[in-house]
*Asks:* 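Provided herewith is a single structure, encoded as structure tokens, for subsequent inquiry.
Just so we're on the same page: letters track the sequence lines, and every chain starts at 1.
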Amino acid sequence: MSVLVYIEINKGRVKKASLECVNYAAKIAELTNSSVTALVNNADAAQLEEIGKAGAAKILSVKNDKLNSDGMFVSAAVEQAAKAENVKVIVFAFDLTGKAAAPRLSAKLKAGLVAGAVDYPTVNGNAFEVKKNVFSGKATAVYSINTDVKIISLLPNSFPVKLGENKATVSDFNVDLSSIASKIVVKETKSTDVGGMIPLPEAELVVSAGRGLKAPENWGIVEDLAKTLGATTACSRPVSDMHWRPHHEHVGQTGIAIRPNLYIAIGISGAIQHLAGVNGSKTIVVINNDKEAPFFKSADYGIVGDAFTVVPKLTEALKKFKANQN
Amino acid sequence: MKILVAISNVPDTTTKIQFTDGDTKFNAAGVTFVINPYDEWYALVRALELKEANLAEKVTLIHVGAADSEATIRKGLALGADDAVRIDSEGGDAFFVADQIATYAKANGYDLILVGKETINYNGSSVGAMIAGVLDLPFVSLATKLDMAGNKATVEHDIDGGTQVVECELPLVVSCAKGMAEQRIPNMRGIMAARTKPLTVVPANGTAPLTSIKSFALSAGRTTVKLIDENNIDELVNLLHTEAKVI
Ligand SMILES: Cc1cc2nc3c(=O)[nH]c(=O)nc-3n(C[C@H](O)[C@H](O)[C@H](O)COP(=O)(O)OP(=O)(O)OC[C@H]3O[C@@H](n4cnc5c(N)ncnc54)[C@H](O)[C@@H]3O)c2cc1C
Ligand SMILES: Nc1ncnc2c1ncn2[C@@H]1O[C@H](COP(=O)(O)O)[C@@H](O)[C@H]1O
């Protein structure tokens, strides 16, 4: 018996969210007296080694470009690997692939799914109890999965990645996708990467700004701060609604939910719908010229002041800090 | 072409969340319920736009839940949906909901099923792909644009670090996110018309949920904020490094 993890390679690297999943699966393997099998597509030797170090005992190495195009194929590949390996627990990242493939597989196998787990399961005989965020982070719920096969998708950035000395055995695995008729035809792929920033859902450091910045041409100070930190930029909803910033930067209840280590909110009031997307951040810094801004109630550190003077100062202070560290 | 829009009934975004029955149930007392924002603003409004452009014949709402969600369903009708179906049940997990919707869609010949990106109460992002799984249909997640030409949909959607444009023949399931359409406010005529639009109640199929919720807990809030003087910004950098350990 083994715990199966689906791993993705993105831009030449094993996705961080995938490595988190291997660590997570290793913990489940420990709790259930089994071992971790990882399924990965198009991985090179260094990437395979890294997956081993994260805790996989065995790696099924696949070479099939179809897996990059449609969650239907990923679901089928994982299903085949699960059958071949007598798998009882399947782990995905709760990322775009995991959101497309895990529920489909759950419906196919009638295997209970907890989508967006934030903690290790409690194993209770044949039942797993798994915690996830609900009400957009305002609460958590413990779900029970009683089905024979269990699927868990892990909320990215819930655990730090730990790499050890473990070495995995690697074997080629052929998935047969010929019977799957995907009608989805990819016409065009556009990258929203600006200046090589880490995509928001995976970013550990995020600098975000709101209507307090007054106009799109004022975003230079935000970008300078982000660049100095190596952070990804985000924004509040009105800012993307007014097309000051691209849609994909919109965080919150109706945008995307993120949980970086550091979230710096500049000129954002801290409306409940905004908080819903960022309150999972480990540390929150708020910069706002109104000391009554609600965001200060949900912040760890705050500066009451004008963004146009505070932000450049912070950037300078960080540059000095970085220079001293080197 | 007929469009089925799955709408869920959720506490208004400003709701203060509370639980009852020993933290095993959401406390709905005094809570205002609304259509899940993604389902309303994006999925439903885009479906209505397609109909207005004569690219779809009919827009049907489907909701899986109890009778107390009918006010929410009527709001969807007021926005312009033609009719609605409620699968009568006390709810269940994402699979239960998906299986109900799949059964109805299949029996009634819906070619395009639109769901929201996720519900703001359970945040599962699961129902759409599960419907596709049950019906063996293609699924496009997190669509930000949707256009139709005859039997073919062109969908722009988010992928890791970018966006992608795909084409797909119907039948198809799409989950809708920001960008698809703009929020609409129902007008008086819509609200009046909604009162008499058909809302059919259908019994649930016998499917059992695959998961259940044992208990809830409120997330721990933050302790008090540490305010730092703007003339002492090195202090903030120092705290982020030594105390918060995030830089
Ligand atoms: C159903 C629903 C869903 C929603 N979903 C989202 C969502 O996903 N994400 C989201 O962000 N919002 C969402 N909203 C909107 C939300 O309610 C707020 O309106 C929005 O977050 C406010 O954005 P803001 O903080 O940028 O602007 P404002 O509320 O206008 O705040 C601007 C802030 O900037 C400060 N400021 C002004 N000048 C300066 C200066 N020179 N220096 C420093 N600070 C300054 C002000 O004191 C103020 O606090 C949603 C609303 C609804 C009803
Ligand atoms: N009870 C329900 N009735 C109808 N549609 C639902 C229901 N629950 C969820 N949905 C649809 O499925 C989408 C995703 O829900 P979820 O997987 O719970 O995040 C929602 O945005 C709705 O479109």
*Asks:* At a 4.5 Å cut-off on heavy atoms, which part of A/Phe94 comes close to chain B: side chain, backbone, both, or neither?
*Replies:*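 Side chain only.
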*Asks:* Give a yes or no answer on whether the side chain of B/Thr211 reaches the backbone of A/Ser144 with a donor-acceptor pair at less than 3.5 Å.
*Replies:*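 Judged by distance alone, no pair lies under 3.5 Å.
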*Asks:* Distance only, no hydrogens: is a donor on one side chain within 3.5 Å (strictly under) of an acceptor on the other, for B/Glu118 and B/Asn123?
*Replies:*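 The criterion, which ignores hydrogens and geometry beyond distance, is satisfied for B/Asn123 and B/Glu118.
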*Asks:* Using non-hydrogen atoms and a 4.5 Å limit, figure out which bit of B/Phe95 sits close to chain A: side chain, backbone, both or neither.
*Replies:*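 Answer is side chain: those atoms of B/Phe95 sit under 4.5 Å from chain A.
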*Asks:* Specify which of A/Val285, A/Asn261, A/Thr189, A/Val142 makes the most heavy-atom pairs with chain B at under 4.5 Å.
*Replies:*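 Of the candidates given, the most pairs with chain B belong to A/Val142.
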*Asks:* Under 30°, 30 to 60°, or over 60°: which ring-plane class applies to B/Phe26 and B/Phe19, parallel, tilted or perpendicular?
*Replies:*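 Perpendicular.
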*Asks:* With chain A, which of B/Ala177, B/Ala132, B/Pro37 has the greatest number of heavy-atom pairs at distances under 4.5 Å?
*Replies:*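 Answer, by heavy-atom pair count under 4.5 Å with chain A: B/Ala132.
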*Asks:* What part of B/Thr24 lies closer than 4.5 angstrom to a heavy atom of chain A: side chain, backbone, both or neither?
*Replies:*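 For B/Thr24, neither part sits under 4.5 Å from chain A.
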*Asks:* Ignoring hydrogens, what is the shortest heavy-atom contact between B/Leu210 and A/Gly112? Give both atom names and the distance.
*Replies:*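 Taking B/Leu210 first and A/Gly112 second, the nearest heavy atoms are CB-CA, 3.6 Å.
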*Asks:* Distance alone, cut at 3.5 Å: any donor-acceptor contact between the side chains of A/Asn279 and A/Lys138?
*Replies:*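 Looking only at side-chain atoms, A/Lys138 and A/Asn279 do not form any donor-acceptor pair under 3.5 Å.
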*Asks:* Taking only heavy atoms into account, what residues of residues 6-13 of chain B are found under 4.5 Å from chain A?
*Replies:*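 Expected list: B/Pro11, B/Thr13.
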*Asks:* Among B/Val166, B/Val165, B/Thr14, which has the most heavy-atom pairs under 4.5 Å with chain A?
*Replies:*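 Most heavy-atom pairs under 4.5 Å with chain A: B/Val165.
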*Asks:* Please classify the contact between B/Ala98 and chain A as side chain, backbone, both or neither, with a heavy-atom cut-off of under 4.5 Å.
*Replies:*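 No part of B/Ala98 comes within 4.5 Å of chain A.
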*Asks:* Please look at A/Asp241 and chain B and tell me whether the side chain, the backbone, both or neither of the residue comes under 4.5 angstrom of a heavy atom of that chain.
*Replies:*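 The answer is both parts of A/Asp241.
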*Asks:* Less than 4.5 Å to any heavy atom of chain A: does that hold for the side chain of B/Asp23, its backbone, both, or neither?
*Replies:*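 Answer is neither: B/Asp23 stays 4.5 Å or more from chain A.
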*Asks:* Are any side-chain N or O atoms of B/Lys117 and backbone N or O atoms of A/Gly255, one a donor and one an acceptor, separated by less than 3.5 Å?
*Replies:*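 Yes: the side chain of B/Lys117 pairs with the backbone of A/Gly255.
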*Asks:* If you draw a 6.0 Å radius around NZ in A/Lys297, do more than 12 non-hydrogen atoms from other residues or ligands fall strictly inside?
*Replies:*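 No, NZ of A/Lys297 has 12 or fewer neighbouring heavy atoms, counting only those of other groups under 6.0 Å.
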*Asks:* Contact part of B/Ile213 toward chain A, heavy-atom cut-off under 4.5 Å: side chain, backbone, both or neither?
*Replies:*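 For B/Ile213, backbone and side chain are both near chain A.
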*Asks:* Where on A/Asp300 is there a heavy atom nearer than 4.5 Å to chain B: the side chain, the backbone, both, or neither?
*Replies:*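 Contact with chain B: backbone and side chain both.
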*Asks:* Side chain, backbone, both or neither: which part of B/Leu137 has an atom under 4.5 Å from a heavy atom of chain A?
*Replies:*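 For B/Leu137, the contact with chain A is made by the backbone alone.
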*Asks:* Based on non-hydrogen pairs under 4.5 Å, which of B/Thr144, B/Asp229, B/Thr224, B/Asp136 is most in contact with chain A?
*Replies:*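 Answer, by heavy-atom pair count under 4.5 Å with chain A: B/Asp136.
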*Asks:* Against chain B, label A/Glu204 side chain, backbone, both or neither, depending on which of its atoms sit under 4.5 Å from a heavy atom there.
*Replies:*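 For A/Glu204, neither part sits under 4.5 Å from chain B.
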*Asks:* With chain B, which of A/Ala115, A/Ser153, A/Ala141 has the greatest number of heavy-atom pairs at distances under 4.5 Å?
*Replies:*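 Max contact count across the listed options: A/Ala141.
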*Asks:* Examine whether an atom of B/Val237 lies under 4.5 Å from a heavy atom of chain A, and if so say whether it belongs to the side chain, the backbone or both; otherwise answer neither.
*Replies:*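 B/Val237 touches chain A through side-chain heavy atoms alone.
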*Asks:* Begin with the C-alpha distance, continue with both residues' side-chain angles, and end with the deciding distance and a verdict on side-chain contact (heavy atoms from CB on, under 4.5 Å) for B/Ile101 and B/Val115.
*Replies:* CA-CA 10 Å; B/Ile101 296 173; B/Val115 302; 5.7 Å; no
*Asks:* Taking everything shown except B/Glu182 itself, do over 12 heavy atoms lie less than 6.0 Å from its CD?
*Replies:*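 Incorrect, the count does not exceed 12.
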*Asks:* Counting only heavy atoms closer than 4.5 Å, note whether B/Ile228 contacts chain A via side chain, backbone, both or neither.
*Replies:*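 Its backbone and side chain both get close to chain A.
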*Asks:* Is A/Lys282 atom NZ crowded by more than 12 heavy atoms from other residues, nucleotides or ligands, each under 6.0 Å away?
*Replies:*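 Yes - once you tally the heavy atoms of other residues, nucleotides and ligands closer than 6.0 Å, there are more than 12.
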*Asks:* Pick one of side chain, backbone, both or neither for A/Glu316, based on which atoms fall under 4.5 Å of a heavy atom in chain B.
*Replies:*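 The answer is neither part of A/Glu316.
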*Asks:* Within a reach of under 6.0 Å around NZ of B/Lys2, are more than 12 heavy atoms found that belong to other residues, nucleotides or ligands?
*Replies:*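 Atom NZ in B/Lys2 is crowded, with more than 12 foreign heavy atoms closer than 6.0 Å.
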*Asks:* Side chain, backbone, both or neither: which part of A/Ser182 has a heavy atom under 4.5 Å from chain B?
*Replies:*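 Interface part for A/Ser182: neither.
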*Asks:* Checking salt bridge (charged side-chain N to carboxylate O under 4.0 Å, His left out) against B/Glu40, which of B/Arg184, B/Lys75, B/Arg46 comes through?
*Replies:*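 Testing each of B/Arg184, B/Lys75, B/Arg46 against B/Glu40, the sole residue satisfying salt bridge (charged side-chain N to carboxylate O under 4.0 Å, His left out) is B/Lys75.
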*Asks:* Where does B/Ile120 contact chain A at under 4.5 Å (heavy atoms): side chain, backbone, both or neither?
*Replies:*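 Looking at B/Ile120, backbone and side chain both touch chain A.
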*Asks:* Using heavy-atom distances under 4.5 Å, tell me whether B/Glu156 contacts chain A through its side chain, its backbone, both, or neither.
*Replies:*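 For B/Glu156, the contact with chain A is made by the side chain alone.
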*Asks:* Which bit of A/Lys108 is near chain B, if near means a heavy-atom gap under 4.5 Å: side chain, backbone, both or neither?
*Replies:*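 The side chain, not the backbone.
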*Asks:* Using a cut-off of under 4.5 Å for heavy-atom pairs, which of B/Ser125, B/Ser219, B/Gly179, B/Gly128 has the most such pairs with chain A?
*Replies:*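 The residue among B/Ser125, B/Ser219, B/Gly179, B/Gly128 with the greatest pair count is B/Ser219.
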*Asks:* Under the 3.5 angstrom rule, does the side chain of B/Ser126 hit a backbone N or O of A/Pro103 as a donor-acceptor pair?
*Replies:*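 No, the answer is negative, given that no donor and acceptor are paired below the 3.5 Å cut-off.
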*Asks:* Measure A/Lys320 against the heavy atoms of chain B and call it side chain, backbone, both or neither at under 4.5 Å.
*Replies:*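 Contact with chain B is through the side chain of A/Lys320 alone.
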*Asks:* With a 4.5 Å cut-off on heavy-atom pairs, point out which of A/Ile184, A/Asp306, A/Ile145 contacts chain B the most.
*Replies:*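 Maximum pair count with chain B is reached by A/Ile184.
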*Asks:* So which of A/Leu229, A/Leu318, A/Val134, A/Thr140 has the largest heavy-atom pair count under 4.5 angstrom toward chain B?
*Replies:*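 When all of A/Leu229, A/Leu318, A/Val134, A/Thr140 are compared, A/Thr140 has the most.
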*Asks:* Can you tell me which of A/Leu113, A/Asn10, A/Asp95 forms the most heavy-atom pairs within a distance under 4.5 Å of chain B?
*Replies:*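 The answer is A/Leu113.
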*Asks:* Does the plane of the ring in A/His247 sit parallel, tilted or perpendicular to the ring in A/His243? Use 30° and 60° as the thresholds.
*Replies:*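 If you compare the ring of A/His247 with that of A/His243, the planes turn out perpendicular.
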*Asks:* Please classify the contact between B/Lys16 and chain A as side chain, backbone, both or neither, with a heavy-atom cut-off of under 4.5 Å.
*Replies:*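 The answer is neither part of B/Lys16.
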*Asks:* Sort A/Ile287 into side chain, backbone, both or neither according to what part of it lies under 4.5 angstrom from a heavy atom of chain B.
*Replies:*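 Neither the backbone nor the side chain of A/Ile287 comes within 4.5 Å of chain B.
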*Asks:* Hey, is the main chain of B/Thr242 close enough, under 3.5 Å, to the side chain of B/Lys245 for a donor-acceptor pair?
*Replies:*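 Answer holds: yes.
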*Asks:* Between A/Lys322 and chain B, which part of the residue has a heavy atom less than 4.5 Å away: side chain, backbone, both or neither?
*Replies:*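 Neither; nothing under 4.5 Å.
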*Asks:* Contact part of B/Tyr38 toward chain A, heavy-atom cut-off under 4.5 Å: side chain, backbone, both or neither?
*Replies:*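 For B/Tyr38, the side chain is the part near chain A, not the backbone.
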*Asks:* Which one of B/Cys168, B/Gly116, B/Ser175 has the most heavy-atom pairs closer than 4.5 Å to chain A?
*Replies:*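 Between B/Cys168, B/Gly116, B/Ser175, the count favours B/Cys168.
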*Asks:* Near B/Glu90 CD, under 6.0 Å, is it more than 12 heavy atoms from other residues, nucleotides or ligands?
*Replies:*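 Incorrect, the count does not exceed 12.
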*Asks:* With a 3.5 Å distance limit and no angle check, can you tell me whether A/Thr147 reaches the backbone of A/Val149 through a side-chain donor-acceptor pair?
*Replies:*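 Looks like yes, one N/O pair under 3.5 Å.
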*Asks:* Heavy-atom distances under 4.5 Å only: say whether A/Gln273 touches chain B with side chain, backbone, both or neither.
*Replies:*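 Contact with chain B involves the side chain of A/Gln273 alone.
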*Asks:* I'd like to verify something: which residue of A/Ala127, A/Ala100, A/Ser75, A/Gly305 has the highest number of heavy-atom pairs under 4.5 Å with chain B?
*Replies:*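 Greatest number of close heavy-atom pairs with chain B: A/Ala100.
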*Asks:* Tell me, side chain or backbone of B/Gln18 under 4.5 Å from chain A's heavy atoms, or both, or neither?
*Replies:*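 Neither part.
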*Asks:* Side chain from CB out, backbone as N, CA, C, O: work out which of these in A/Lys131 comes under 4.5 Å of a heavy atom of chain B, or both, or neither.
*Replies:*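 Neither; nothing under 4.5 Å.
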*Asks:* Which one of B/Ser141, B/Gly221, B/Gly124, B/Ala217 has the most heavy-atom pairs closer than 4.5 Å to chain A?
*Replies:*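 Option with the top pair count is B/Ala217.
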*Asks:* Which value, rounded to the nearest 0.5 Å, describes the distance between B/Asn232 atom CG and B/Leu227 atom CG?
*Replies:*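 That separation rounds to 12.5 Å.
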*Asks:* Can you tell me if B/Arg222 has over 12 outside heavy atoms packed within less than 6.0 Å of its CZ?
*Replies:*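 Yes.
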*Asks:* What part of A/Ile284 is in contact with chain B, defined as an atom under 4.5 angstrom from a non-hydrogen atom: side chain, backbone, both or neither?
*Replies:*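 Both parts, heavy atoms under 4.5 Å.
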*Asks:* Taking A/Asn157 for its side chain and A/Arg259 for its backbone only, find out whether a donor-acceptor pair lies under 3.5 Å.
*Replies:*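 Yes; judged by distance alone, with no hydrogens or angles, the pair exists.
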